[in-house]
Asker: 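Can you read through this structure? Questions will come right after.
Each ligand, and each atom within it, is numbered from 1 in the order the structure gives. Computed from heavy atoms alone, side chains included, the values below leave out hydrogens, waters and symmetry copies. Numbering of residues begins at 1 and proceeds along the displayed sequence. Bear in mind that the values here come from a model prediction, so they are computed numbers and not experimental data.
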Amino acid sequence: MTDSVVSYRRDGNVGVITTNNPPVNALSHAVRAGILAALDDAEADGAAEAIVIACERRTFHAGADISEFGKPPQHPFLGEVIDRLEKCPKPVVAALHGTALGGGLEIALGCHYRVAVPSAQVGLPEVSLGIIPGAGGTQRLPRLIGVAAALDVIIGGKRLTAAAACDLGVIDAVVDAPLTDAAIAYATDLVAAGKGPRPIGAQTVSGNEADIEEARKRHARRYRGFNAPFRAIDAVEASLRTPLDKGLVLERELFEACNATVEARALQYAFFAQRQAAKIKDLPKETEPRAVDHAGVIGGGTMGRGIAMVFADAGLPVTLLEISTEARDATLDAIAKSYDGMVSRGRLSRDVADERLSRISGATDYADLANADLVVEAVFEEMDIKKDVIAKLDATLGTDTLIATNTSYLDVNALASASTHPERVLGMHFFSPANVMKLLEVVRADTTSHTALATVMPLAKKLGKIPVVSGVCHGFIGNRMLQVYQREANRLLQEGATITQIDKAIYDFGLPMGPFAVRDLAGIDVGWRMRKAFGIGRAQDARYSAVPDLLCERDQFGQKTGIGFYVYEDGRKATGENPLVAELAAAEAKELGIAQRNIDDGEVVERCIYAMINEGANLLDEGIAQRPSDIDIVWLNGYGFPAYRGGPMFYADTIGLDPLVKHLHGLAEAHGSEWTPAPLLARLASDDHPLTSLNR
Ligand code: 3HC
Ligand code: NAI
């Protein structure tokens, strides 16, 4: 039988069912129905003594079709297909390559045997989409590898390599390519050895309640505020107590309940948003990216070191230029120590660390950058120094070499003008620590060429980053919104809230830290120096709070000086508020004629988060951000906005734009014109359209 997405053929005494549903063989309705029809053919084919299930192109089924989740479910459900596979009277072998994830692995678990090529990976990432495995994963995986190991895969979101999956017993054999031939040979051998079907559902589970309790405890912190991971643990717990059929019913109920939550909508939205962010609306399709085979980095401070490691980690040779041989050597030394630390913490093997380190070479002479296809500058945040560096690069590099700046606040248009080929200049704003943080703001200057953008976006993905394009403005997308968020936190302090209260309210909302604790961690002096450089103060904002600046004037920079907004023991552990903070805030309130009052936590959250939403809408109106979901991706990946709330723009839609805009008007009356709703928000609210309707 032949279907457009699933086909059946026979090879010797083995029936082969093959799916071809690009790009990732997602288990859409047509695929599910196609597999069932092909199974009918395979079962009816008297010459087929065993069956192989395989996929064409880049991967075995990478899971259910996520785009179907919001729609009414259509028979056959995935569970029905898997049930048929498990009950098939002929042995069924799954042939895995690429990423057999979610429903893909569940299909494989419904099969009686599993083989995989060495490059294959398997996993159950459902909780990252706000759901739980819904087609038997929580019932069959514990039966196959035990409760504890299954929980690691399901809750820990661990992707297993073929070798690790084989060690654990998830797959039976790692085979050489060509995969389908190897799977057919495996099936033929099974038949010859007289081995028949081997349903996992018939196996008993190894493990106990202690494993379940341990998982609940272990994941409580990581998944604070989330629902799905804990429902997945509930489902796995059921596998201990109930036979497969009952466990599957409970799993389905939990799956559906999870899929109806805002968390699921938010996380599934973020999945597509992240992929959408990589697409630049006005970039002609035919724009050819340039090859980047060698990178350069200028400046080996906090950021430069991390950026050099990003390239090295992704397999690219990188040359790092510093101002002097001493600075160069100190930087290389610091990078080596950083890799050593990863080895001693068990994060990297010595061999891998050495290989990565060997890709980084030091330099002090611009001529050593001649091989570079892209150079990222991460020198001091000063316009003249950066312009000088760009001019030097311009004079040394071939005209095709791209020049990126890691500036946080400087005008990228002005920086581009330091090059005689401004089309090759753009921003690559990495976040600290650069080798850990996923977000990369790609800043598009007025002169940046399509080629430069078409090169950097896929390169970012290769570097393991999540790129989001931003236009040029003070702070780009993320830090510009951060400033209004911090402005509100400062004002709440002036008005009588304590930093402990504000930080706790924001933590309870779901961010990993409140606005004051974060500044203590990063160094309050960073913002202070920036504001001084840009002359930001009362002239721009009559309610400007000088409290952070006054702390900095006393060398109270935060954790690194043992005192900032809070007082620290051993440099890290806060022992309490710095009493000066409330004192300075009270004096400032008096000076500004503000009567301090009791403020409730709800007001703290609303003012900090709504300020950010309003600024996000301004960024859209100004064309700085391409679409609301890009802003969400920035905040989810750069600032720890709680993923189960989908990002500030998605969150705005969950509040409803009409009530939000009304609330903003109220805040404008009480606190000033900064609160006037962004024109875009007002327009959308009056047209009854959500912000996310603009996501294209
Ligand atoms: N459903 C629908 N579309 C999907 C999809 C899925 N499961 N997985 C990927 N896609 C789409 C992407 O949106 C993208 O579309 P676009 O080109 O239009 O932007 C395209 O496929 C390619 O995806 P990527 O750009 O992500 O390709 P990569 O090669 O970088 O990554 C991947 C491939 C590792 C498979 C990655 O796409 C991925 O992680 N996909 C999701 C896997 C997953 O979560 N599976 C579980 C689904 S839930 C489930 O199965 C429930 C079950 O228990 C009932
Ligand atoms: P840093 O002060 O730690 O390091 C700067 C390095 O540049 C120093 O090692 C210095 O020796 C070197 N340098 C200065 N002038 C040079 C020149 N002419 N040629 C070669 N090397 C030179 O600074 P940091 O924090 O690494 O910041 C660098 C850039 O990254 C700045 O633009 C900053 O705004 C930006 N940034 C910083 C972040 C952070 O969290 N630190 C986050 C994102 C961006």
Asker: Can you check whether V468's main-chain N or O pairs, donor with acceptor, with E441's side chain at less than 3.5 Å?
Answerer: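 Side chain of E441 to backbone of V468: no pair is present.
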Asker: Among S67, S28, A64, which one puts a heavy atom closest to atom 6 (C) of ligand 1?
Answerer: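 Minimum heavy-atom distance to atom 6 (C) of ligand 1 goes to A64.
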Asker: Return each pair, listed once, that meets side-chain hydrogen bond (donor to acceptor under 3.5 Å, both in side chains) where at least one residue sits in residues 130-142; pairs must be two or more places apart or across chains.
Answerer: E86-R140, T138-E251
Asker: Between Y223 and R231, is there a cation-pi geometry (under 6.0 Å to ring centre, at most 45° from the normal)?
Answerer: no
Asker: Identify which of R275, E126, R252, H61 has a heavy atom lying nearest to atom 36 (C) of ligand 1.
Answerer: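 The nearest heavy atom belongs to R275.
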Asker: Which is it for R58 and ligand 1 at heavy atoms under 4.0 Å: side chain, backbone, both or neither?
Answerer: side chain
Asker: Hey, is D520 close enough to K560 for a salt bridge, meaning N to O under 4.0 Å?
Answerer: no
Asker: Between T99 and T59, do the side chains contain a donor N or O and an acceptor N or O under 3.5 Å apart?
Answerer: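 The criterion, which ignores hydrogens and geometry beyond distance, is satisfied for T99 and T59.
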Asker: Evaluate Y409 against H474 for ring pair (Phe, Tyr, Trp, His ring centres under 6.0 Å), listing each step before the verdict.
Answerer: CA-CA 5 Å; Y409 290 100; H474 186 79; 4.8 Å; yes
Asker: Can you tell me which portion of F69 lies within the under-4.0 Å heavy-atom range of ligand 1? Options are side chain, backbone, both, or neither.
Answerer: side chain
Asker: Any side-chain heavy atom of I307 within less than 4.5 Å of one from F311?
Answerer: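 Heavy-atom side-chain distance check passes, below 4.5 Å.
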Asker: What salt bridge (Lys or Arg N to Asp or Glu O under 4.0 Å) pairs are there with at least one residue in residues 383-396, not counting sequence neighbours?
Answerer: E377-K386, E381-K386, D388-K392, D394-R424
Asker: Looking only at heavy atoms, is any part of T59 under 4.0 Å from ligand 1, and if so is it the side chain, the backbone, or both, or is it neither?
Answerer: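 Neither; nothing of T59 gets under 4.0 Å from ligand 1.
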Asker: Which ligand 1 atoms are under 4.0 Å away from a heavy-atom of G63?
Answerer: 45 (N), 50 (O)
Asker: Provide the number and element of each atom of ligand 1 under 4.0 Å from a heavy atom of T99.
Answerer: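 Near T99, the atoms of ligand 1 are 34 (C), 35 (C).
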Asker: Report yes if G134 has an N/O atom closer than 3.5 Å to an N/O atom of ligand 1; otherwise report no.
Answerer: yes
Asker: So is K279 close enough to ligand 1, meaning a heavy atom under 4.0 angstrom away?
Answerer: yes
Asker: Minimum heavy-atom separation for S361 and L332, please, with both atom names.
Answerer: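 So the minimum-distance heavy-atom pair works out to C-CD2, 4.3 Å.
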Asker: Provide, to 0.1 Å, the distance between atom 4 (C) of ligand 1 and the closest protein heavy atom, together with that atom's residue and name.
Answerer: V24 CG2, 4.0 Å
Asker: Check ligand 1 against D65 and write out every atom of the ligand that is under 4.0 Å from a heavy-atom position of the residue.
Answerer: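 Listed by number with element, the hits are 1 (N), 2 (C).
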Asker: Pull out every atom of ligand 1 sitting under 4.0 Å from any heavy atom of G103, numbered as shown with elements.
Answerer: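 By the 4.0 Å cutoff, the relevant atoms are 49 (C), 50 (O), 52 (C).
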Asker: Quick one: are V6 and N21 in side-chain contact, heavy atoms under 4.5 Å?
Answerer: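 SC-SC contact between V6 and N21 ruled out.
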Asker: So, are R444 and D282 salt-bridged, with charged N and O less than 4.0 Å apart?
Answerer: yes
Asker: Provide the number and element of each atom of ligand 1 under 4.0 Å from a heavy atom of F272.
Answerer: 13 (O)
Asker: Between ligand 1 and K461, is the shortest N or O to N or O distance under 3.5 Å?
Answerer: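 Such a contact does occur with ligand 1.
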Asker: Do you see a protein non-hydrogen atom under 4.0 Å from atom 28 (P) of ligand 1?
Answerer: yes
Asker: List ligand 1 atoms under 4.0 Å from P133, heavy atoms only on the residue side.
Answerer: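 So the atoms of ligand 1 that pass are 53 (O).
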Asker: Show the atoms of ligand 1 that are less than 4.0 angstrom away from any heavy atom in R159.
Answerer: 34 (C)
Asker: Note every protein N or O atom lying under 3.5 Å from an N or O atom of ligand 2, pairing the names and giving the distance.
Answerer:
unit_1	atom_1	unit_2	atom_2	d
ligand 2	3 (O)	T302	N	3.1
ligand 2	3 (O)	T302	OG1	3.2
ligand 2	9 (O)	G301	N	3.4
ligand 2	9 (O)	E322	OE2	2.5
ligand 2	11 (O)	E322	OE1	2.8
ligand 2	11 (O)	E322	OE2	3.2
ligand 2	26 (O)	T302	N	3.3
ligand 2	26 (O)	M303	N	2.8
ligand 2	30 (O)	N406	ND2	2.9
ligand 2	32 (O)	V379	O	3.4
ligand 2	32 (O)	E381	OE1	2.5
ligand 2	32 (O)	K386	NZ	2.7
ligand 2	34 (O)	E381	OE1	2.9
ligand 2	34 (O)	S408	OG	2.8
ligand 2	36 (N)	S408	OG	3.2

Asker: For A108, does its backbone N or O pair with a side-chain atom of R114 as donor and acceptor, under 3.5 Å?
Answerer: yes
Asker: Identify, for atom 42 (C) of ligand 1, the protein heavy atom at the shortest distance, and state residue, atom and that distance.
Answerer: A62 O, 3.2 Å
Asker: Any heavy-atom pair between the side chains of T405 and L410 that's under 4.5 Å?
Answerer: no
Asker: Between R529 and E382, does any side-chain N to carboxylate O distance fall below 4.0 Å?
Answerer: no
Asker: Considering only heavy atoms, which of F77, F271, F60 lies nearest to atom 40 (N) of ligand 1?
Answerer: F271
Asker: List every atom of ligand 1 that sits less than 4.0 Å from any heavy atom of G102, numbering the atoms from 1 in the order shown and giving each element.
Answerer: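 Under 4.0 Å from G102, ligand 1 has these atoms: 46 (C), 50 (O).
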Asker: Test ring pair (Phe, Tyr, Trp, His ring centres under 6.0 Å) on Y639 and Y485; report intermediate values, then the result.
Answerer: CA-CA 12 Å; Y639 301 84; Y485 163 80; 8.7 Å; no
Asker: Flag I66 as yes when one of its N or O atoms lies below 3.5 Å from any N or O atom of ligand 1, and as no otherwise.
Answerer: yes
Asker: Which residues satisfy the side chain to side chain contact (heavy atoms under 4.5 Å, CB included) test with P284, sequence neighbours excluded?
Answerer: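 P284: side chain to side chain contact (heavy atoms under 4.5 Å, CB included) contacts with E286, T287, H450.
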Asker: Go through it in stages, so that I can follow the logic: the residues are R57 and N20, the test is side-chain hydrogen bond (donor to acceptor under 3.5 Å, both in side chains), and I'd like the CA-CA distance, side-chain angles, deciding distance and then a yes or no.
Answerer: CA-CA 7 Å; R57 303 179 191 241; N20 180 12; 2.8 Å; yes
Asker: If you measure from each non-hydrogen atom of P125 to ligand 1, which part falls under 4.0 Å: side chain, backbone, both or neither?
Answerer: side chain
Asker: Of the protein's non-hydrogen atoms, which lies at the shortest distance from atom 21 (O) of ligand 1, and what is that distance?
Answerer: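 Result: P23 CG, 3.2 Å.
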